[in-house]
K.L.:
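Would you mind keeping the following structure in view while I ask a few things?
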Amino acid sequence: METKILSTSEYDISLAGEIIRNGGLVAFPTETVYGLGANALDENAVKKIYAAKGRPSDNPLIVHIAEKEDIVPLVKEITPAAKAVIDKFFPAPLTVILKKSEKIGNVVSGGLDTVAVRMPQNETARALIKAAGVPVAAPSANTSGLPSPTRARHVISDMSGKIDAIIDGGACGFGVESTVVSLAGDVPVILRPGAITKEMLEEVLGRVDIASAVLGELKENETAASPGMKYKHYAPKAKIIIVDAEKEIYEKFVNMQKNAFALCFEEDSVNIPKITFGSEKSDLSQANALFDALRRLDEAGAKKVYARIPQKSGVGMAVYNRLIRAAAFRVLNLKKPFTIGLTGRTGAGKSYVSEYLASLGFKIINCDFYAKRLTEKNSPFLSVLQAEFGDDIIENGELKRQLLADRAFASKEKTRRLNEIMHPAILKLCVEQADFPCVLDAPQLFESGANELCGAVISVIAPDDICIERITARDNITERQARARLGVQHETEFFINNSDYTVINDGRDIKTQITAIMEEIL
Ligand code: TXA
Ligand code: MG
């Protein structure tokens, strides 16, 4: 099929209207994204949309209208909430879902008993619907799974040869699809965030909920309120990873990467190949640029992409909702003070791993070192210990370590008190040293709660006899003493269950294991 490229002239629009009226497919601009339109009342025409997009048939379409009153025959009832929303917003980048009338066939509604209706703001879109003289069913005019089209060239690239015509109306003003709000239940629910924000809807409707799938991944067995949410979406060929970090850390992080692209804001100073999506200060500019940026990444041949995280509020929620799907929900958390927390039982070989990470450029923050500093001669912290364990544990400004140990380990309660005092104080010093990328080397990572401050936790594990061999050789103690030390620590099982990664130090190559972990973490 030859696809006609039409302009927004009156003549071309009336031609396009005729194509739709006669059962054909026309892609047209709206203020959000380009739509792929067909006569909503003609089931055969609507089926062609699913075929051209490769769209699953249970994913319903939005019916577009030219005037507010055109919604009346499409729905069972205009509820008071619907009336309020239509009066306040239409025409708008907003889609309302209501119980459908018998006019709406099962192909359009994907078998549901509801229908999605929208009156677009874009003049060309409304002129086309008027010219067609019928309600127009239109999803975004992209191949299913790819980023929605916001420029005519995106539509041409996806739909050429598959549809009758494309109206070239230039770039779409807003750039991500309409807000979808369901008014079919008791409480209005946003199924897809867009230009009309939760706050704006709440002014008219009072309480408005947000479907759980909007900002997170749909759990297994959870049914999507909107069928569209369960499908892979907006995904370029490149693997996208969202980096949850402040600007400086993001820049530092991406500048360390090889063979990767940055998908960042215009203000970001980045030395690797980059594609920007708007300004950090304007969520509207991000919405406008996002889908084009995703397509550009493919055009540039990007394989791996690190994306700057947008704000999740206001219009930013719509941007984040699209980006997280484009990233298949991959988020790298660099907001925690420590990039990696490293722990393990005595003698498992933690320091060997830590040295190797240092050679890879990580700053190593050693808890034992700061614990010693905290308790060195004349340290003001010693008075805190004195208050708990007795004045005589200090002599001439010096801590009598054996005496403290005797008292602190005399009972479980006293040991707990010692930890309660020491852990936060040590951690405070460690956090002051935190930098990106860094490793917190902490034998008591879990006991101190420091694991919560780490982007990822790596435990080093080794069989007991190997640990004992190492401790006896290193600390010049007997096997019995070594076993006693291990006895008061968590079992290997605990480390495995509570860590993101484990390094097995039983003769297997450590470097290969770390390289594989780094590949996943960073
Ligand atoms: O901005 C937009 O809304 C664009 C332009 C062309 O108007 N259209 C658009 O359509 O984005 P589409 O098909 O790509 O997305 C429609 C979304 C899908 O996620 C679909 O599952 C959901 O709306 N939807 C449609 N009817 C529904 C219904 N009855 N109940 C729940 N969700 C529905
Ligand atoms: Mg779509």
Side-chain angles (χ1 to χ4, degrees), residues 25-38 40 46 49-50 52-65 74-76 90-101 104-122 124-126 128-129 135-150 154-155 158-159 167 169 172-185 188-196 211 213-214 218 223-235 287 291 318 321-322 325-326:
L25 298 187
V26 177
F28 61 97
T30 82
E31 71 277 22
T32 57
V33 301
Y34 274 77
L36 177 57
V46 175
I49 293 180
Y50 287 93
K53 278 180 64 85
R55 179 172 172 121
S57 62
D58 68 344
N59 193 0
L61 307 176
I62 297 172
V63 179
H64 294 68
I65 55 175
L74 307 177
V75 300
K76 206 162 161 187
F90 275 21
L94 174 67
T95 298
V96 296
I97 290 175
L98 290 166
K99 291 266 186 273
K100 71 176 185 179
S101 74
I104 299 294
N106 274 331
V107 183
V108 170
S109 70
L112 299 176
D113 63 350
T114 51
V115 63
V117 183
R118 163 161 127 83
M119 176 180 173
Q121 232 162 38
N122 182 290
T124 302
R126 285 213 311 281
L128 172 69
I129 302 164
V136 172
S140 48
N142 53 288
T143 299
S144 211
L146 291 188
S148 296
T150 54
H154 303 159
V155 185
D158 282 14
M159 290 297 151
I167 301 177
C172 296
F174 184 60
V176 299
E177 307 89 334
S178 62
T179 305
V180 177
V181 63
S182 171
L183 302 175
V189 184
I190 293 178
L191 304 183
R192 182 175 74 184
I196 305 298
V214 164
L218 212 57
T223 51
S226 175
M229 285 195 278
K230 69 179 180 231
Y231 293 110
K232 187 174 152 195
H233 249 100
Y234 318 117
F291 288 140
N321 168 273
R322 307 312 190 271
R325 280 165 177 76

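Counting starts at 1 for both ligands and their atoms, in listed order.
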K.L.:
Should the proximity of Arg55 to ligand 1, defined as any heavy atom under 4.0 Å, be assigned to the side chain, the backbone, both, or neither?
P.N.:
side chain
K.L.:
Got the closest protein heavy atom to atom 32 (N) of ligand 1, with its distance?
P.N.:
Ser226 OG, 3.1 Å
K.L.:
With no hydrogens and no angle check, is any side-chain donor or acceptor of Glu31 less than 3.5 Å from a backbone partner on Phe174?
P.N.:
no
K.L.:
Any chance you could measure Ile65, atom CD1, to Leu74, atom CG, to the nearest 0.5 Å?
P.N.:
6.5 Å
K.L.:
For the residue pair Thr114 and Ser109, what are the closest heavy atoms and their distance?
P.N.:
O-CB, 3.4 Å
K.L.:
Check whether any side-chain heavy atom of Ile167 sits under 4.5 Å from a side-chain heavy atom of Tyr34, and report yes or no.
P.N.:
no
K.L.:
When rounded to the nearest 0.5 angstrom, what distance separates CZ in Phe28 from CG in Asn122?
P.N.:
8.5 Å
K.L.:
Distance from Lys100 atom NZ to Lys76 atom NZ, nearest 0.5 Å?
P.N.:
11.0 Å
K.L.:
So, Thr95 side chain and Ala116 main chain: donor-acceptor pair closer than 3.5 Å or not?
P.N.:
no
K.L.:
Quick check on contacts: which atoms of ligand 1 are under 4.0 angstrom from a heavy atom of Asn59?
P.N.:
18 (C), 20 (C), 21 (O)
K.L.:
For Ser140, take its heavy atoms, then give the atoms of ligand 1 lying under 4.0 Å from any of them.
P.N.:
8 (N), 9 (C), 10 (O), 12 (P), 14 (O)
K.L.:
Has Arg192 got a side-chain atom pairing as donor or acceptor with Ser178's backbone, closer than 3.5 angstrom?
P.N.:
yes
K.L.:
Please report which non-hydrogen protein atom sits nearest to atom 3 (O) of ligand 1, along with the residue it belongs to and the distance in Å to one decimal place.
P.N.:
Ser178 OG, 2.5 Å
K.L.:
Hey, does Lys100 sit under 4.0 Å from ligand 1 if you only count heavy atoms?
P.N.:
no
K.L.:
Distance from Gln121 atom CD to Leu94 atom CG, nearest 0.5 Å?
P.N.:
10.0 Å
K.L.:
Using a strict 4.0 Å cut-off to heavy atoms of Ile62, name the atoms of ligand 1 that fall inside it.
P.N.:
3 (O), 8 (N), 9 (C), 10 (O), 16 (C)
K.L.:
Considering Val180, Val189, Thr114 one by one, which has a heavy atom nearer to atom 29 (N) of ligand 1 than any of the others?
P.N.:
Thr114
K.L.:
For Thr30 and ligand 1, does the shortest N/O to N/O distance drop below 3.5 Å?
P.N.:
no
K.L.:
CG/Leu98 to CG/Asp113 distance, rounded to the nearest 0.5 angstrom?
P.N.:
11.0 Å
K.L.:
Just to confirm my output: which protein heavy-atom neighbour is closest to atom 4 (C) of ligand 1, and how far is it?
P.N.:
Val33 CG2, 3.8 Å
K.L.:
Return yes or no for this condition: an N or O of Tyr34 is under 3.5 Å from an N or O of ligand 1.
P.N.:
no
K.L.:
In Å and rounded to the nearest 0.5 Å, what is the CG to CG distance from Asp158 to Asn142?
P.N.:
6.0 Å
K.L.:
Examine distances only and state if a side-chain atom of Thr30 and a backbone atom of Thr32 form a donor-acceptor pair shorter than 3.5 Å.
P.N.:
yes
K.L.:
Not counting sequence neighbours, which residues clear side-chain contact (heavy atoms from CB on, under 4.5 Å) with Ala213? List them please.
P.N.:
Leu218, Met229, Arg325
K.L.:
Can you name the atoms of ligand 1, numbered from 1 with element, that are less than 4.0 Å from a heavy atom of Gly35?
P.N.:
6 (C)
K.L.:
Given a threshold of 2.8 Å, state how many protein N/O/S atoms are nearer than that to the Mg ion (ligand 2).
P.N.:
1
K.L.:
So which heavy atom on Arg126 is nearest to which on Pro120, and how close?
P.N.:
NH1-O, 3.0 Å
K.L.:
Would you mind running through ligand 1 and noting each atom that sits below 4.0 Å from a heavy atom of Leu112?
P.N.:
28 (C), 29 (N), 30 (N)
K.L.:
Regarding ligand 1, does Arg192 bring an N or O atom to under 3.5 Å of one of the ligand's N or O atoms?
P.N.:
yes
K.L.:
Which residue holds the protein heavy atom closest to atom 30 (N) of ligand 1, what is that atom called, and what is the gap in Å?
P.N.:
Ile97 CD1, 3.4 Å
K.L.:
Pull out every atom of ligand 1 sitting under 4.0 Å from any heavy atom of His64, numbered as shown with elements.
P.N.:
5 (C), 6 (C), 7 (O)
K.L.:
Quick one: does Lys53 get an N or O within less than 3.5 Å of an N or O on ligand 1?
P.N.:
no
K.L.:
Could you check whether Phe291 and Tyr234 have their ring centres less than 6.0 Å apart?
P.N.:
yes
K.L.:
Do me a favour and list the nearest non-hydrogen protein atom to atom 27 (C) of ligand 1 with residue, atom name and distance?
P.N.:
Pro60 CG, 3.3 Å
